[in-house]
Structures are given as C-alpha cells and as structure tokens.
Amino acid sequence: MDTILEAVDLCKVYGNGTAANRHVDFAVRPGEIHGLVGENGAGKSTLMKIVYGEESPSSGTLLLDGRPVRFGSSRDAIAAGIGMVHQHFMLVPSLSLAENLVLGSEPRKKSGMYDLEEAVRITQSLSDKYNLKVTPRARVVDVSVSMRQKLEILKTLYRGARILILDEPTAVLTPQETDELFVELKDLRDKGHTIIFISHKLGEVFELCDRVTVMRDGAMIATHDSGDVDRQTISNEMVGREVRLTVDKKAASPGASALDVRDLSYVDDFGITMVDRVSFSLREGEVLGVVGVDGNGQSELVRILTGSAATLTGSVRKRGTDITNATPRRIRRAGIAHVAEDRMTVGTALPASIADNLLADRYSAPEYTGGGFLRRSAMAAAAGDIVKRFDIRCSSPGQPVASLSGGNMQKVVIGREFTAAADVLIVSQPTRGVDIGAIEFIHRTILSMRDAGKAILLVSSDLGEVLTLSDSLVVMHSGRIVAYFPDASAVTDKELGLFMLGVKRQDETEIRKVLHG
Amino acid sequence: MLDFIAGVFGSSNYWFIVVRSTAPILLVTLGAVITEQAGIKNMALEGSMLWAALVGVLASAATGSAWIGLLAGMAAGVAIALVLGIFALKLDANAVLVGVALNLLSTGGTVFTLFSITGDKGISSSLASKTLPVIRIPFLADVPWLGKVLSGQNFIIYVSIVAVIVVHVILNKMTIGRRIRATGENVDAARAAGIDPNRIKFFTLVVSGMLAGLAGCFLSMGYTSNFTSGISAGRGYVANAAQVVAGGTAVGSIFAALIFGITDAMATFLQNVGLPPELIQALPYAVTIVGFIVVTLIRDKREAARKLRLFSRGAGR
C-alpha cells in the first residue's frame with residue numbers, strides 16, 4: 001500500500017526527560033482523512049509538531065512520498081506541501097480576511113504598492129474553488145470563529161498544501177458549524193488532498209475519517225479502518241483503563257449555600273460571548289462539577305470568580321458579602337481559594353522557592369511578618385509542614401518550583417490553596433499533566449476537604465475525574481449552563497456528552513434547581 | 001486674561017510658532033507610531049534626537065554644509081535606534097530599559113563630546129555651524145494671514161509634512177505595512193506566514209531613527225542655531241505618549257503633536273503674563289499627559305460599551 005507520509009520509529013524526548021513520543025510508527029495514505037485520537041498528553045500534538053517541522057525528532061525518520069525528509073522549521077514543511085491549522089488561530093485581528101490570506105506572499109501592483117484588490121480576488125477564487133465560504137473584505141475581528149477557521153484552511157491551500165493537519169478543529173465550533181466543516185473536509189479529500197484530523201471526540205472521528213490511529217502515553221497503539229472497528233475498541237485503546245476511577249467516597253451532606261453566583265456574563269476581546277448569564281449556588285460540603293468541552297466558558301467563569309476578569313452583568317456573593325468584580329486579594333480575604341488551571345503561569349512563581357510559593361497568599365500575616373520583616377524561621381517551619389503533609393518530593397523547601405516535576409508542582413499549588421483560610425475552593429484542572437500517583441493523592445485530598453465541610457467548585461476537562469469526584473454537576477455549552485444534575489452518580493457519560501455537545505438542553509426549571517431555592 | 005488669550009489665538013505670529021513647535025514633536029511621534037505598530041517600543045528616541053542635534057552641528061561646522069550636517073545627524077539618530085535594536089531584538093534585553101539607558105548615556109555623552117571639542121559644557125556657539133534654510137513658498141506667501149503662518153518656515157517643517165505622507169503610505173499602501181501590523185498584533189501569525197519579525201522591527205527602528213534624527217537636527221540647526229545640553233527637552237518621551245493619542249496612525253500623529261505644539265507656543269506667550277516660567281515650561285508636558293489619560297479612558301470605555309453591545313445583541317439566541 002502506498003503512503004504519502006510515514007513516521008518510522010520516531011522518538012521525541014524533551015530536555016526535562018519527558019518522552020512525548022516513543023517509537024512511533026505512523027503512516028498516512030494519499031487522499032484519505034486520517035484520524036489521530038488520544039487523550040490529552042498522549043503525544044498527538046508532539047507527533048504533528050514533528051511532521052510540521054516545529055520540533056525535530058530525537059531519533060527515527062520521517063518519510064514524505066517515500067523519501068526521508070528533515071524539516072528545520074515549519075517553513076520547510078510548508079514548502080514540502082504540508083499545512084497546519086492550529087487550535088489557536090494564526091491570524092491578525094485588525095487586518096481583513098484577504099490580507100491575512102496573502103500575508104507573507106502579498107500581491108503587488110506594477111507600482112510596487114500593496115494590491116488589496118488582487119488579494120480579495122485571490123481569496124474569493126480560492127473560497128469558490130474549495131467551497132469554503134468567507135467574506136474577503138471583512139476584518140478578522142468581526143467574523144465568526146468558524147469563518148476564521150475556514151480562512152486558516154484556505155491559507156494552507158494558498159501556500160500549496162497537499163497534506164493538511166487540523167488540530168482539534170471542532171473544539172471551537174458549534175454542532176452545525178462542525179457538520180459544515182465535515183462536508184468541506186470531505187470535499188477537499190475528494191479533490192485529492194490528504195487530511196490528518198486530530199481529535200479526542202470519537203463520534204466525530206467515526207463520522208469523518210477513513211482510518212483512525214490511536215495514541216496513548218506517547219506510543220502508537222493501533223491503526224484501524226474506521227469501518228472495521230467499533231467505538232468501544234477505540235475507547236478502550238485510548239484510555240487503557242476504566243473510564244470511571246474508583247475512590248472511596250462517602251455520601252455528601254451538603255449544607256448552606258456558601259457562594260451565590262447570579263447572571264455572570266463575559267465577552268472576550270474578539271467580541272465573542274464566552275459566558276452567558278451563568279447562575280448557580282455552591283453549597284458547603286459538596287463538590288459541584290462543571291463539565292463541558294474546553295472553550296465553552298469554563299475558564300472565563302473561573303477567571304471572573306477569582307478576580308482576573310470582570311463580569312458585564314450580575315453578581316457574586318459569598319455568604320452574603322458582595323464580591324462582584326472584586327480584586328483577587330479581596331476575594332481571597334473573603335475566604336475563597338483557587339487552584340488555577342495553569343500552574344506554570346498563574347498557579348506558581350516558577351523561579352521562586354517552594355516555601356515562598358506555599359506562603360504567597362499569607363506571608364503578610366502576623367505569624368510570618370513582624371515589624372515589616374519576614375520571619376524566615378516561622379516561614380520555613382510552616383512550609384516544611386505543608387511539604388510533608390502534601391508529600392511534595394523535593395530536596396529542600398528552598399528549591400525553586402521550576403525544578404519540580406508537573407505532579408509535584410501541582411502539589412505545591414494544592415498545598416497552598418488547601419491550607420488557606422478558605423471555605424470555598426475553586427479548583428480548575430487539578431490533575432492536568434500530572435502522573436497517576438499524584439492524581440490519586442490530589443483526588444483523595446479534594447474529597448477530604450469536602451468531608452471537612454468546604455464548598456468545592458471543580459472544573460475539569462477530564463470527564464472521568466469530574467464524574468468520580470463530583471456530588472452534583474452542571475454542564476456548560478457556549479457559555480451557558482445547559483443542564484444540572486443534583487446526583488452526579490446517576491449520570492452516564494453518554495448522557496453528559498449530548499449536553500456537552502449542545503445536542504440536548506434541559507428546560508429552565510430543571511437548570512434553576514442549581515440555585516437551591 | 002481672556003482677552004489676552006483671544007488675542008494670541010488670533011495672531012498669525014502665534015500660529016507660526018505653533019507650526020514650528022509642532023514639527024519636531026510630529027517627527028518623533030511618527031517614529032514612535034511606526035515602531036509601536038511593529039510591536040517594539042523605541043524609548044531611545046530622545047537619545048537619537050540628542051545625538052542628531054549634536055552631530056548635525058559638528059558635521060555642518062566641519063564641512064561648512066548644513067546638508068552634510070543633516071545627513072550626519074540622521075545617521076547618528078539611526079545608529080542609536082540600531083543599538084537599541086541589537087540589545088532588544090538580538091540580545092533579548094528589555095527594550096524600554098535599554099532605551100532609558102541609551103537616553104542617559106546620550107545626555108552625558110553629548111555634553112562630554114561637546115566639551116571635548118569646544119571646551120564648553122553648555123552650548124556650541126563657538127562652532128561655526130550652519131542652519132537649514134528657510135523656505136518661502138511662492139503664491140502662498142502672499143495669502144494674507146495664512147501666508148504668514150505657513151510660508152517662511154524652516155525646510156524641516158515641510159519635511160515633516162512629507163514624513164506624515166511617507167509613514168502613511170508605508171503603513172497603509174505598501175506590503176511592508178501589512179507585515180508591520182502583523183508583527184505587532186500577532187507575532188506568531190507573522191512568523192507562520194514566513195515573515196521575519198526581527199527584520200520588520202529593525203526596519204521600523206531605522207525609520208524612527210531617521211525621523212528622530214530630522215527632529216534633532218531641526219532643534220539645533222533651525223529652531224535654534226546651536227546645540228545646547230539637553231536640547232531635546234524630553235520630546236522623545238512625549239512622543240511615546242503622543243503615539244497613544246495618535247491611535248497608531250500617521251494622520252493621528254498630527255493631532256497628537258498639535259496638542260503639544262499649541263501649548264508649547266502658548267507657553268512662549270504666557271511668559272509675558274507674569275506666570276512663573278517653570279510652570280509655563282511644564283505646561284506642554286502636563287497637557288500631553290492629560291491628553292494621554294483622556295484618550296486611554298475614552299478607549300477603555302468604548303471597548304467596554306462595545307462588549308456590552310455585542311453581548312446584548314447575542315443575548316437573544
């Protein structure tokens with residue numbers, strides 16, 4: 001069987017020793033749509049970065065049309081006919097679609113000046129040829145996300161791509177837009193292009209792809225013809241373990257409402273409504289899970305609640321105290337702790353020591369500060385306690401956080417936030433990129449906090465995690481809460497999937513039960 | 001007092017000075033605009049102006065030609081901008097800090113150079129330096145009032161008008177203008193399109209160095225006929241504030257620079273009213289800061305209103 005692109009025994013080991021790709025063999029046939037599936041961190045993105053020349057492999061070969069190639073940069077890959085549509089669009093917001101399309105290889109008039117009319121004409125003719133509808137003269141900032149994505153696809157075609165890589169293209173689309181994209185992609189395939197489609201949504205992969213390759217933990221698990229395989233097989237290969245983890249969990253006994261959130265809304269810089277009148281109440285002694293496909297407003301909701309974004313409407317009250325659009329400091333003083341979704345940029349100060357990170361929210365308390373000076377010995381003792389209690393593996397608390405592994409770094413964040421004087425915990429992606437051992441520890445800790453009567457809001461894109469830990473659940477889609485389940489254990493992930501993808505939606509009275517009266 | 005101000009605003013003499021005061025700030029503001037569009041802050045404009053002012057005087061005195069002085073001065077302005085580029089872009093230093101360091105170096109360095117050559121720390125009057133010519137514009141000069149304001153100005157004044165057009169064309173009509181904007185707005189997008197962001201940034205630095213060079217030469221070879229220590233008087237810093245007021249456009253720079261020019265010229269007149277001169281000298285800078293704050297507030301408010309409008313429009317879905 002002929003292949004257009006092939007990876008042979010490809011390995012990628014990063015500087016910190018993480019093996020992102022281990023002996024990967026991967027082959028794509030010309031003119032097919034090839035699905036590449038796997039969980040977050042399975043190595044899909046690394047493999048595609050190597051193919052697109054953004055990373056170079058530690059060992060192994062890449063074959064294009066049967067000949068070995070080595071790309072020094074993505075420019076080489078583009079020249080060889082490979083195009084990539086990134087999850088984060090590579091567009092210039094204030095320029096028009098046409099100007100973005102031709103950026104880097106612009107048409108010029110005879111006078112040498114920029115030829116905007118020609119750029120518009122090129123865009124229109126490509127748009128017609130490939131049936132990807134865009135409005136060339138509109139500015140990127142004014143058009144929908146779906147049209148931006150079409151423009152990205154057109155950009156790769158303009159640069160002569162024969163092989164298109166799409167990195168989770170549907171994550172930002174509505175269901176209708178997704179259907180539209182699939183029609184367009186199949187059309188491109190029929191015109192002779194080869195497409196690699198990265199996803200972790202099985203339904204889409206089956207609908208679109210001719211063949212599917214599964215990756216897990218950096219290794220290639222299997223490649224199937226999508227007609228010859230069922231979802232269960234792929235799902236098992238992807239996950240490699242039971243989806244629902246088992247943890248010892250007592251029944252919850254929720255108490256009074258600790259955090260009352262009413263009608264929050266957020267519009268991003270592109271003018272897209274990311275949070276749309278979200279309301280809920282969070283009770284003490286319960287874990288309220290927030291599930292949704294990434295990018296449906298969960299991050300923005302957390303940013304509003306923790307003071308790093310402002311809501312346009314509505315209010316946030318903690319046990320009656322108004323903390324709407326308050327500063328992070330005031331929010332923390334009101335007794336709200338926050339495990340940030342990105343521990344590298346928000347959760348920790350990387351060059352600072354473990355001890356300083358652990359006490360960053362309380363160094364000015366009288367125990368640690370006297371007469372304007374830090375009490376170093378008291379701080380060291382307190383930090384040492386947390387290090388022990390949260391099992392942070394390090395040589396000393398004075399070591400910079402940057403030198404820790406992902407799991408231990410996360411334990412620093414958890415250690416600080418879970419020992420803070422707070423009764424509301426907002427926990428975002430607590431185990432993203434964390435090893436199995438640390439995951440178990442973090443899960444047990446979250447449940448023990450719940451049993452101690454804290455109110456916990458858990459936001460995670462790991463469905464298994466949310467289902468395991470949560471007592472009740474809300475589902476977010478397109479910035480809105482579309483479902484509320486008072487008993488998380490009574491929900492199947494299949495059912496959740498329908499709400500997450502916007503197929504189903506509860507009626508308003510059902511959803512309003514999350515306000516608890 | 002009001003009568004006095006009304007009288008001033010009506011006089012062609014006042015507006016002649018306004019144009020003269022506006023031109024140098026306009027030139028540097030254009031320099032700040034073009035680099036800012038490419039995503040690099042040229043804080044060293046002040047240094048570029050100082051060296052250009054000194055080198056222009058020295059070269060014109062040495063050669064007897066104001067034109068050679070102008071070219072040498074512009075080269076000096078570009079050289080400072082390039083030093084900033086090398087540190088900020090090649091060696092990854094913080095552009096603002098490098099800019100401030102270069103300005104401090106220039107303040108001392110120009111005086112040191114002046115002293116080494118003339119033995120005077122304050123003024124270059126012992127040198128037989130040249131000034132750039134005054135241009136009388138035929139026909140316009142004969143128009144009443146307007147002719148007195150616009151004709152008979154220094155050569156550089158007219159260059160500053162041309163500079164507005166040139167920067168406008170670069171940003172809006174030329175291919176490189178789109179690349180400058182791409183680099184400034186989304187450097188990853190620019191890189192992905194095969195654009196080398198550093199090359200673009202260096203290009204804008206060279207242009208801004210030339211513009212600051214023109215402004216510097218005007219100060220010592222037109223506005224006055226000597227180099228004096230600290231002659232740029234913070235105009236390079238003002239330009240970085242005026243750039244925000246200008247909204248990143250060449251045409252907007254005219255308005256931003258006029259705010260400064262109008263108050264600067266007014267200060268010259270107010271000296272006759274008996275206000276303390278220190279206060280009067282601070283006026284143009286204070287007005288620029290106020291303008292900066294007002295524009296920023298208006299923009300923030302507009303942005304918030306835009307978002308609320310977008311949200312209410314989408315709320316019906």
Side-chain angles (χ1 to χ4, degrees), chain A residues 52 54 73-76 78-79 83-86 88-96 98-109 111-116 119 140-142 152 155-156 158-159 174 263 265-277 310-313 478-480, chain B residues 33-34 36-39 165-201 203 246-250 252 297 299-317:
Chain A
Y52 191 55
E54 290 179 335
S73 71
S74 49
R75 206 190 276 221
D76 297 344
I78 292 168
M84 178 141 174
V85 176
H86 291 83
H88 302 285
F89 297 154
M90 299 289 186
L91 299 172
V92 184
S94 81
L95 294 182
S96 70
E99 287 167 319
N100 268 284
L101 183 100
V102 299
L103 189 66
S105 32
E106 299 89 346
R108 287 164 207 242
K109 293 181 194 161
S111 60
M113 292 288 158
Y114 188 84
D115 194 343
L116 180 62
V140 166
V141 67
D142 296 325
E152 283 283 25
K155 262 171 71 180
T156 65
Y158 176 59
R159 284 166 179 72
T174 66
D263 277 329
S265 307
Y266 182 79
V267 174
D268 73 5
D269 287 339
F270 296 117
I272 297 166
T273 300
M274 296 303 294
V275 178
D276 192 355
R277 286 160 294 160
T311 181
L312 287 169
T313 56
S478 299
R480 311 189 76 151
Chain B
V33 163
I34 196 166
E36 191 77 23
Q37 287 288 299
I165 297 166
V166 169
V167 171
H168 179 82
V169 168
I170 290 177
L171 287 178
N172 297 295
K173 301 286 173 201
M174 289 175 69
T175 299
I176 196 160
R178 303 304 201 280
R179 296 184 176 191
I180 288 171
R181 245 154 85 188
T183 304
E185 270 188 55
N186 185 350
V187 76
D188 290 330
R191 215 175 271 127
I195 294 167
D196 178 354
N198 274 359
R199 265 183 66 180
I200 299 290
K201 288 178 181 177
F203 170 80
T249 66
L297 285 179
R299 255 176 227 157
D300 283 0
K301 221 169 165 183
R302 256 195 221 150
E303 182 64 14
R306 185 179 78 95
K307 284 186 178 177
L308 196 59
R309 203 168 53 242
L310 284 164
F311 173 69
S312 350
R313 197 200 296 161
R317 313 178 278 167

Exercise for review: Find the distance between OG1 (Thr273(A)) and NZ (Lys307(B)) and round it off to the nearest 0.5 Å.
Suggested key: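 The NZ atom of Lys307(B) is 10.5 Å from OG1 of Thr273(A), to the nearest 0.5 Å.
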Study note, to complete from the structure: Rounding to 0.5 Å, atoms NZ (Lys173(B)) and NZ (Lys109(A)) come to a distance of 6.5 Å
So which atom in [X] and which in [Y] form the shortest heavy-atom distance, rounded to 0.1 Å?
| X | Y | result |
| --- | --- | --- |
| Met174(B) | Met113(A) | CG-SD, 3.5 Å |
| Leu103(A) | Ala189(B) | CD2-O, 4.4 Å |
| Arg178(B) | Leu116(A) | NH2-CD1, 4.2 Å |

Point to revise | Residue, of Ala192(B), Ala182(B), Gly184(B), Ala190(B), that accumulates the most heavy atom pairs under 4.5 Å with chain A | key: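 Looking at each of Ala192(B), Ala182(B), Gly184(B), Ala190(B) in turn, Ala182(B) comes out on top.
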Review point. Of all of Thr175(B), Asp188(B), Ile195(B), Ile176(B), which one pairs up most often with chain A through heavy atoms under 4.5 Å apart?
Key: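 The residue among Thr175(B), Asp188(B), Ile195(B), Ile176(B) with the greatest pair count is Thr175(B).
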Practice item. Taking the side chain as every heavy atom from C-beta outward, state whether Glu106(A) and Arg179(B) have any pair of such atoms under 4.5 Å apart. Key: yes
Review point. Are Val141(A) and Glu185(B) close enough that some pair of their side-chain heavy atoms sits under 4.5 Å apart?
Key: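 Heavy-atom side-chain distance check fails, nothing below 4.5 Å.
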Check your understanding: Where on Ser105(A) is there a heavy atom nearer than 4.5 Å to chain B: the side chain, the backbone, both, or neither?
Key ->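 Backbone only.
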Point to revise | Ser74(A) versus chain B, the contacting section by heavy-atom distance below 4.5 Å | key: neither
Check your understanding: Are Glu99(A) and Arg181(B) close enough for a salt bridge, meaning some N to O gap below 4.0 Å?
Key ->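 The answer is no: the pair does not qualify as a salt bridge.
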**Study point:** Residues, nucleotides or ligands: over 12 heavy atoms within 6.0 Å of Arg199(B) CZ
**Key:**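 No, because the 6.0 Å sphere around CZ of Arg199(B) holds 12 heavy atoms or fewer from other groups.
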Practice item. Keeping the roles fixed (side chain from Asn186(B), backbone from Leu91(A)), state whether a donor-acceptor pair exists under 3.5 Å. Key: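 Answer holds: yes.
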Revision key, fill the gap. Applying salt bridge (Lys or Arg N to Asp or Glu O under 4.0 Å) to Arg159(A) and not counting sequence neighbours gives none
